[in-house]
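Have a look at the structure below before the remarks.
Position 1 is the first residue of the sequence, and the numbers go up from there. Since we're looking at a predicted model, the values are computed, not measured.
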Amino acid sequence: MRLYKMELYKICSRKLFLFSATAVFIILLLFMYTLAIDNYATVNGVEYKGLQAVRINRQITEEFKGVLTDEKVTAIAEKYGFPNGVKEDYGRFLDRNYLNEFIMNGFSDGYFHAYNDYKVATHTTPIAETDFGKASVATEKPLLLEYTYGWEVFESVLGIGCVLGMVLILLTLSPIYSEENYNNTQQILFSTKEGQQKDITAKIAVGMTIAVSVFVVVVLLDFLFVWGVFGLDGLDCFSGQVMGDTVWKWNDYHNVSTWSVQKYLLFYLLQSLFGIMEAAALSLYFSAHCSNPFQSIVLSVIGLVLPVFLNMIGRDNFRGVIFQVSQLIILFLPGIALMCLVPDTLNKTAARIGKVLCCVLPILIGQFFRRIFPFYYTIPFILIMNGASELDIMQMHYPWVWPGIFLYVTVIIILYIGCSWRKYKQSGV
């Protein structure tokens, strides 16, 4: 415990950590502030902006709160009308409020795709004929109307906050081993009475503690922000009412769209936590293998960003070289990590063969299973930034996809941590 406290204090007292944590906190607060003031509502011809718009939207929703009926839909349309104001290069109707925009999107013949691709609604549609109504019947869950915009904000803030947190983790954990490699102080540390085992265990424990703590702080700040500004209503609503990227119809409406908002967000929190922990484990791995902190940071960033970057520029050509490289590099890094597990007792030839196999076999296995397992969705950035809907359809053919992803990421985390342990221990010999 003494070593753990010493390591934790040493990392958290560094100027780099304090500066980075402050910068992340300020950026996150500015992003929250932007989401709070970027709200508009028009009620009875009066325009509201910022927090006033949020308050008026919450206020008018209270009158119709609860199970949604055709009578409520009609009453909302009669009281507030359909939005119709358009402005060039502006992505929504100008004269909207939470209620008439919700009714237009789900229960009318109107839509807004772009400022030059829209249709002003002319009449309401019976609930039974809409995806909302059909989903309610198929799942035997009531269709609720509540002010759910806060949970859309929660998802956005969580994504940005975890990405910023991941940057903080990389900057914080990169020196944890590499600084001692750079200063060549391992032999001194390993000669203490605690020895190698306790020293390395303390470093790993501190690294994962910082990762989880960053995640918890981001979630708490996000939750308090949403609670204080937007309220906590709507957790029992369909996630399809909040998350715009969901798909209603497939599998007879039994999909992510008909999850409750609460279930969707809990799943997203789990994804994000796994992404943060994988990023921390990768940072520990490179820290143990690099001779200085700067090199560790650079390689950690490359390991996290390169597969995503290559996928983005190559996704339009699934058979192209760039796209294939983006998929294979995901398994190349674990293959390199496996090289550390080749026993030192082997002769040089056997060791070389073993290391080559460690690099090649994961790539070959990944190439073989690439059509039935989405390795790309195990990358920390993708775990954090992608919701559940993109993998939802894969469950129709592969119901084990989500457990498989979490199991695979768990194995990768253990692999990176184990290899960082082994490498750092060898460096002190």
Side-chain angles (χ1 to χ4, degrees), residues 30-61 64 68 72-127 129-132 145-160 163 226 229-230 234 237-249 256-257 261 312-313 315-316 385-387 389-390:
L30 289 174
F31 182 67
M32 291 177 179
Y33 174 76
T34 300
L35 292 176
I37 65 172
D38 189 26
N39 284 276
Y40 302 88
T42 300
V43 178
N44 299 325
V46 181
E47 295 182 359
Y48 300 88
K49 296 180 181 180
L51 295 179
Q52 282 189 324
V54 174
R55 283 193 289 268
I56 197 68
N57 276 327
R58 292 178 64 180
Q59 181 180 328
I60 64 176
T61 304
F64 300 95
L68 189 64
K72 286 185 179 180
V73 171
T74 302
I76 291 171
E78 291 176 350
K79 186 170 185 177
Y80 299 108
F82 292 114
N84 55 58
V86 178
K87 180 181 179 181
E88 186 174 354
D89 293 331
Y90 187 74
R92 301 172 81 169
F93 281 117
L94 295 174
D95 53 341
R96 69 187 187 278
N97 58 52
Y98 180 78
L99 289 179
N100 65 9
E101 188 174 39
F102 175 70
I103 295 302
M104 180 205 70
N105 287 333
F107 307 94
S108 78
D109 61 334
Y111 61 85
F112 190 105
H113 298 153
Y115 77 92
N116 56 357
D117 181 15
Y118 66 92
K119 178 183 178 182
V120 177
T122 59
H123 62 270
T124 60
T125 303
I127 293 177
E129 298 177 11
T130 66
D131 284 328
F132 286 95
L145 171 59
E146 295 184 4
Y147 185 70
T148 60
Y149 181 66
W151 299 118
E152 182 180 343
V153 170
F154 182 88
E155 184 186 35
S156 298
V157 173
L158 181 62
I160 297 300
V163 169
V226 170
V229 176
F230 302 98
C237 293
F238 289 132
S239 68
Q241 295 176 233
V242 182
M243 317 306 171
D245 59 346
T246 51
V247 181
W248 284 99
K249 296 182 180 180
V256 169
S257 298
V261 172
M312 289 176 62
I313 64 177
R315 62 171 40 181
D316 292 333
M385 297 305 295
N386 276 34
S389 58
E390 287 197 30

Is there a donor-acceptor contact under 3.5 Å from the side chain of [X] to the main chain of [Y]?
X    : Y    : value
T124 : I103 : no
N97  : A41  : no
N39  : V54  : no
N57  : A53  : yes
Q241 : F238 : yes
D117 : A114 : no

Do you know which two heavy atoms are closest between [X] and [Y], and how far apart they sit?
X    : Y    : answer
T122 : D109 : OG1-OD2, 2.6 Å
S108 : A121 : OG-CB, 3.4 Å
V242 : V261 : CG2-CG2, 3.7 Å

Can you tell me how far the [atom1] atom of [X] sits from the [atom2] atom of [Y], to the nearest 0.5 Å?
X    : Y    : atom1 : atom2 : answer
Y149 : R58  : OH    : CZ    : 13.5 Å
F31  : I160 : CZ    : CD1   : 5.0 Å
F132 : T125 : CZ    : OG1   : 11.5 Å

Heavy atoms, side chains only, cut-off 4.5 Å: are [X] and [Y] in contact?
X    : Y    : value
R92  : Y90  : yes
L158 : E155 : no
L145 : I76  : yes
Y40  : R96  : yes
L68  : V73  : yes
L99  : T61  : yes

Q.
In terms of relative ring orientation, are Y111 and H113 parallel, tilted or perpendicular, with 30° and 60° separating the classes?
A.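 Parallel.
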Q. Would you call the rings of F93 and F112 parallel, tilted or perpendicular, where under 30° means parallel and over 60° means perpendicular?
A.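 Geometry flag for F112 against F93: perpendicular rings.
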Q.
Tell me if the OH atom of Y115 is crowded by more than 12 foreign heavy atoms within 6.0 Å.
A.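 Buried by this count: over 12 neighbours within 6.0 Å.
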**Q.** side-chain contact (heavy atoms from CB on, under 4.5 Å) evaluation trace for N84 with D95
**A.** CA-CA 7 Å; N84 55 58; D95 53 341; 3.3 Å; yes
Q. Can the ring centroids of F102 and F64 be said to lie less than 6.0 angstrom from one another?
A.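 Ring-ring flag for F102/F64: false, centres at least 6.0 Å apart.
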(Q) For T148 and Y98, which I'm curious about, is there any donor-acceptor pair between the side chains at under 3.5 Å? (A)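 A pair is found: one side chain offers a donor N or O, the other an acceptor, under 3.5 Å apart.
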